[in-house]
There are 2 protein chains.
Amino acid sequence: MDNHLYQLDRAFGALADPTRRAIMARLAQGEASVGELARPFDMALPSLMKHIRVLETGGLVESEKQGRVRTCRLKPSGLKGVENWLTEQRAIWEARLDRLEAYATSLEKKARRKKRDGR
Amino acid sequence: MDNHLYQLDRAFGALADPTRRAIMARLAQGEASVGELARPFDMALPSLMKHIRVLETGGLVESEKQGRVRTCRLKPSGLKGVENWLTEQRAIWEARLDRLEAYATSLEKKARRKKRDGR
DNA sequence: TATATAGTTAGTCAAATGGATAACCATTTG
DNA sequence: CAAATGGTTATCCATTTGACTAACTATATA
């Protein structure tokens, strides 16, 4: 329990690599086999496999094997966690900016009032 | 040129650590000095400083020093890059799902027609 | 059944990461 | 000016990461 913390670690970590983001982009347009995923990259298969496993443990990709070919597909719920964290942060940050702005406006009003009433 | 690729690496990488995400969360509610940021963590100052530097090179945080205290603040443009990548991916992925759905519906219609016309 | 195909395991290696300590500025404060 | 405060540098260390090769397993295919 509370693994979801680590899960965010792994999801963000998984996305911190251009090869893996490229794999994600490829999978966004449809599932693919390991071989298909490997082809565009100048990289040995085992290295690429490791990337796929990283994406899987990050909860971003899932795969299943039938016969000798393993088919990978995107797991949108994984990206959801990442997006949630980001929007949460932005919410906090924007709320604070709003308070700051409100405060600034109130200061301004006060200043104007003071001026009108003869400093 | 094309450093923005590496920049995404660094931004995602920076967020792949709970300490650094906590720092981000703290900064979302307002700027803070290095010492203030350090206090909640059971960690030596230099270690924490390193985290701050990682966030800075990821473009997520900026800081300036006056006197002997360095004040850190969030740099929302950094998160923007990350969010952009995510929404871009989701756009591609959703577009594909839409096409898929449209295709499925057309298949269904065809089947119904066939049935009506006597198999 | 022999061969080719598609992945997988195991093991090596250099570089990067996350943490620590010790010693060192530089600016306040007493 | 002496001491305390806030941060910084320089090293060090264990672990993780990203890539490789070699050897292996399991399924198709000829």
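Naming: A, B, ... by sequence-line order, numbering from 1 per chain. Not measured: the values here are computed from a predicted model.
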Are any non-hydrogen side-chain atoms of L86(A) and L86(B) less than 4.5 angstrom apart? yes
Within the 4.5 Å heavy-atom criterion, are W93(A) and M24(B) side-chain neighbours or not? no
Among the candidates [options], find the nucleotide nearest to the side-chain atoms of [X].
{"X": "A44(A)", "options": "dA28(D), dC20(D), dT27(C)", "value": "dC20(D)"}
{"X": "K65(A)", "options": "dT28(C), dG19(C), dT8(C)", "value": "dT8(C)"}
{"X": "V69(B)", "options": "dT29(D), dG7(C), dG7(D)", "value": "dG7(D)"}
{"X": "M49(A)", "options": "dG7(C), dT21(C), dA19(D)", "value": "dG7(C)"}
{"X": "R20(B)", "options": "dG18(C), dT5(C), dT8(D)", "value": "dG18(C)"}
{"X": "R68(B)", "options": "dG19(C), dA28(D), dT27(C)", "value": "dT27(C)"}
{"X": "S47(A)", "options": "dG7(C), dC20(D), dA22(C)", "value": "dC20(D)"}
{"X": "M43(A)", "options": "dA6(C), dC20(D), dG18(C)", "value": "dC20(D)"}

Taking atom [atom2] of [N] as reference, at what distance in whole Å does atom [atom1] of [X] sit?
{"X": "E36(B)", "N": "dT5(D)", "atom1": "CD", "atom2": "P", "value": "16 Å"}
{"X": "D9(B)", "N": "dT17(D)", "atom1": "CG", "atom2": "P", "value": "15 Å"}
{"X": "R70(A)", "N": "dA28(D)", "atom1": "CZ", "atom2": "P", "value": "14 Å"}
{"X": "R53(B)", "N": "dG18(C)", "atom1": "CZ", "atom2": "P", "value": "13 Å"}
{"X": "L48(B)", "N": "dG19(C)", "atom1": "CG", "atom2": "P", "value": "9 Å"}
{"X": "F41(A)", "N": "dG18(D)", "atom1": "CZ", "atom2": "P", "value": "14 Å"}
{"X": "E64(B)", "N": "dT8(D)", "atom1": "CD", "atom2": "P", "value": "13 Å"}
{"X": "I52(A)", "N": "dG7(C)", "atom1": "CD1", "atom2": "P", "value": "8 Å"}

May I ask you to say what K50(A) touches in the nucleic acid, namely base, sugar-phosphate or nothing, with a heavy-atom cut-off under 4.0 Å? base
Applying the Watson-Crick and G-U wobble criteria at under 3.5 Å, what pairs with dA2(D)? Answer none if nothing qualifies. dT29(C)
Shortest non-hydrogen separation from S33(A) to V69(A) and the atoms involved: CB-CG2, 3.7 Å
For E56(A) and S63(A), indicate whether the former's side chain and the latter's backbone hold a donor-acceptor pair under 3.5 Å. yes
Does P46(B) or L45(A) map to a spot on DNA chain D nearer the 5' end, using the closest nucleotide for each? P46(B)
Salt bridge check, E36(A) against R39(A): does any charged N sit closer than 4.0 Å to a carboxylate O? no
Any side-chain N or O of H51(A) under 4.0 Å from OP1/OP2 of dA19(D)? yes
